Amino acid sequence: MSGTNLPATVDQIFITFTHWVAHFFPSAFQPIVADVLGVIGIISVFPGLFAITVLLERKGLGRMQNRYGPNRVGPWGLFQPVADGIKALTKEDVVPFHADNVVHFLAPLILLTAVFMGFAVLPVGHHMELMNMDAGLLFFFAMGASSELSVFMAGWSSRNKYSLLGAMRAVAQMISYEVPLLLTSVIVVMLTGSLSLPRIVEAQAGYSGILPHWYVFTPMGFAAFIMFGIAATAETNRSPFDLPEGESEIIAGYFTEYSGFKFAMFFIAEYLAMFSISGIATTLFLGGWAAPFSFLTVVPSWFWFFAKVMCFIFVFIWMRGTLPRLRQDQLMNFAWKFVLPFTLVDLVVTGIWRFMGEGILRWIVCSLILIATYLIMGRTGMVRKPFAPRSYRYAE
Amino acid sequence: MLGEGIIKGMLETARNFAGSYVSKERLITVQYPEEREALPENARVFPFLVYDGPEWLPGLRCVACQICEKECPPKCIYIDKSADKKPDAAGKPQNYPTRFDIDVSVCMSCQICVEVCPFDAIKMDKQFEYSTDDRFGGLLLDREKLAKSNEYYHQIHPVEANEVDTRLAEERAAAAAKAKAAAEAAAAKAAAAKAAAEKAAAETPAAAPAAEKPAAPKPPTSGGGGA
Ligand code: SF4
Ligand code: SF4
């Protein structure tokens, strides 16, 4: 930290700060203090980002539909998140009479906890991860999967048909799309040879000339990235996969019976899940905190991480502004008949890539296989079935 | 190809997104309290009472005939008729409402009161900003709040107001002519009757009441037309 290397100093400024605070404590406590500081960082940065994102989403969606979006609270509606927060905090907390009180109360807490846990292994900058786990990827997906539990807890304990329907849909959807989500990340694991997220980023942080070595710039990496994006959208219940909370069908899905701050917790958890899944997508395919060009490495690594996450978020918003909601059968068809088989082919292609050695040939072969698969499966698997009179079968 | 439609759709929304920052025409939202659109001429919200001349109370056209009160489907008009009479715009003595209330929280803007009023005294207003924190008193409009000048009526519904004014003028002219004719006829009749009576009196006294009969109903007829 001598000041001779300014970019590196700025890059590691948070680490330096943590060490500086920790050195006031006896050495036995220093790791704990550092961890607590990291947790405080995560707990304050991501909800802050959530507030900004909600505003940007409302504004962006408005613009996509040729509306203004919120512009009343403060200049350009900048204080809208504050107003929303005050509103959520001051609302009455209604719990249905027949609800299972304990489970009803625990569901949002567990959801939020599970979502926050996922951030622990995300490398948000160079050396900036709370836990450097060897199997960080597994930990991340384990935490992601446990959010399904709380979704179902919320739906079940509310004793409301809409909540239950929403929870059933959510669980069915999340489990279906968890499979391609994991398989696509297996592709990255195969390319890197490690489950540790910092190692995955470091493997992508090199440059050929000025171009980075991100996995998205390989044929199977690109295909996996697209499939990961689709599965991630479904995982976070975002439009067009927002069936679990399709307000035109089942009110608000599994959190229909939540109000006030508990509702806000579901809302926050949904957005945090979006951040964490965007963060993992960035880490796996877009080089995490690595700069997009070699000459941009002077910009701090954490800036690049958050910039990429926000790009991802923007695409989420963009899709929400464009695509209508899928039907349940279309959702399942798409998961099992297209995304999953395509991901499996992609896995095989990754193996081929690995064993063909360096050279232009493997680029051509792998790209051709993937494009052909995409075209054939798109033609055969996803054709629209002609409508026919519905036939009913009754029990005799 | 699979996904083609999605890309097309995404491009469309991207065009909207970028376009809304460039061209103002895309943003069709009227930001209401600051920006307003002119209401179409035939817009109607709640009724008001028209008055002629500078003062609202003497100029009220309403004669408290209570037809509108009876016809109003949700019964949101309340009228008290005066015991005395005051001269109306044309100078004729008429009753007037000592109380004329419309509860606009009940009014359904059907315009039936306007259609049935024989005196063109009640018309539809364009004023729609009645929000208040007093939900009972604030939405019960009394005759002072309801009274608006004929000039105001011309402002909000020019075509209709001109029509009404021409009709009223014609009616008044016709009534005046009729009254004049009737008065002349009555005078002539009276003179004739007088002469006949004098003549008859000389012959038989029983002919006098029969001769006076046609002259008697005249004044009420002209009175009705004159309003
Ligand atoms: S507004 Fe017209 S109908 Fe109603 S009481 Fe007055 S004169 Fe009669
Ligand atoms: S507009 Fe209809 S509802 Fe309103 S006062 Fe007139 S008759 Fe009654």
Side-chain angles (χ1 to χ4, degrees), chain A residues 56-73 76-77 222-223 225-227 229-230 233 238-241 311 314-326 330 333-334 337-339 341-342 345 370-384, chain B residues 1-46 104-109 125-139 141 145 156:
Chain A
L56 288 184
E57 166 151 29
R58 292 178 63 181
K59 286 226 153 230
L61 278 183
R63 291 289 172 167
M64 282 171 198
Q65 297 157 358
N66 288 329
R67 293 184 286 110
Y68 283 98
N71 62 356
R72 296 278 134 175
V73 195
W76 304 292
F222 182 72
F225 176 66
I226 302 289
M227 293 303 130
I230 293 171
T233 320
R238 292 282 302 181
S239 175
F241 300 103
C311 286
F314 180 75
V315 175
F316 273 134
I317 296 172
W318 190 3
M319 284 202 291
R320 182 172 168 196
T322 311
L323 303 176
R325 187 180 305 135
L326 263 68
Q330 293 170 331
N333 270 347
F334 190 56
K337 290 192 187 161
F338 181 78
V339 182
F342 188 74
V345 171
L370 286 172
I371 293 171
T373 320
Y374 182 81
L375 288 179
I376 293 168
M377 286 204 327
R379 277 279 152 77
T380 55
M382 288 289 108
V383 284
R384 198 176 293 157
Chain B
M1 203 178 80
L2 184 66
E4 221 173 321
I6 291 179
I7 291 174
K8 254 187 229 162
M10 301 279 275
L11 284 180
E12 183 61 38
T13 37
R15 208 173 300 133
N16 279 352
F17 182 79
S20 69
Y21 285 99
V22 189
S23 85
K24 273 271 167 206
E25 287 131 56
R26 280 177 175 272
L27 295 163
I28 52 165
T29 312
V30 179
Q31 306 209 54
Y32 160 64
E34 294 97 39
E35 293 170 18
R36 289 151 193 273
E37 278 193 334
L39 290 171
E41 185 177 342
N42 284 341
R44 66 177 203 227
V45 186
F46 295 128
V104 292
S105 65
V106 175
C107 173
M108 59 186 195
S109 310
D125 202 350
K126 278 187 185 174
Q127 171 66 18
F128 56 89
E129 289 156 314
Y130 283 103
S131 65
T132 167
D133 47 12
D134 176 10
R135 62 194 266 218
F136 299 111
L139 294 174
L141 306 183
K145 280 195 205 124
I156 58 171

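The chains referred to below are lettered A, B, ... by the order of the sequence lines, with proteins before strands, and numbering in each begins at 1. These numbers come from a predicted model, not from an experiment.
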Check: Given that the side chain runs from C-beta out, which part of B:Lys8 has a heavy atom under 4.5 Å from chain A: side chain, backbone, both or neither?
Finding: neither

Check: Where do A:Trp318 and B:Met10 come nearest, in terms of heavy atoms and distance?
Finding: NE1-O, 3.0 Å

Next item on the list: Verify the neighbour count for atom CD of B:Glu129: are there more than 12 heavy atoms of other residues, nucleotides or ligands below 6.0 Å?
Entry: yes

Next item on the list: Taking atom OH of A:Tyr68 as the centre, report whether more than 12 heavy atoms of other residues, nucleotides or ligands fall under 6.0 Å from it.
Entry: yes

Next item on the list: Under the side-chain contact (heavy atoms from CB on, under 4.5 Å) rule, what do B:Ile6 and A:Leu323 come out as? Steps first, then yes or no, please.
Entry: CA-CA 7 Å; B:Ile6 291 179; A:Leu323 303 176; 4.1 Å; yes

Check: What is the distance from atom CZ of B:Phe17 to atom CG of A:Asn66, rounded to the nearest 0.5 Å?
Finding: 11.5 Å

Next item on the list: Below 4.5 Å from any heavy atom of chain A, which atoms of B:Glu34 appear? Answer side chain, backbone, both or neither.
Entry: side chain

Check: In terms of heavy-atom pairs under 4.5 Å with chain B, which of A:Arg67, A:Arg72, A:Gln65, A:Met319 leads?
Finding: A:Arg72

Note to self: If I take atom OG1 from residue B:Thr13 and atom CD1 from residue A:Ile317, how far apart are they, to the nearest 0.5 angstrom?
What the structure shows: 12.0 Å

Check: Near B:Lys145 NZ, under 6.0 Å, is it more than 12 heavy atoms from other residues, nucleotides or ligands?
Finding: yes

Next item on the list: Below 4.5 Å from any heavy atom of chain A, which atoms of B:Ala14 appear? Answer side chain, backbone, both or neither.
Entry: both

Next item on the list: State whether the side chain of A:Arg63 and the backbone N or O of B:Ser20 hold a donor-acceptor pair below 3.5 Å, judged by distance alone.
Entry: yes

Check: Would the number of heavy atoms belonging to other residues, nucleotides or ligands and lying under 6.0 Å from CZ of B:Arg36 be above 12?
Finding: yes

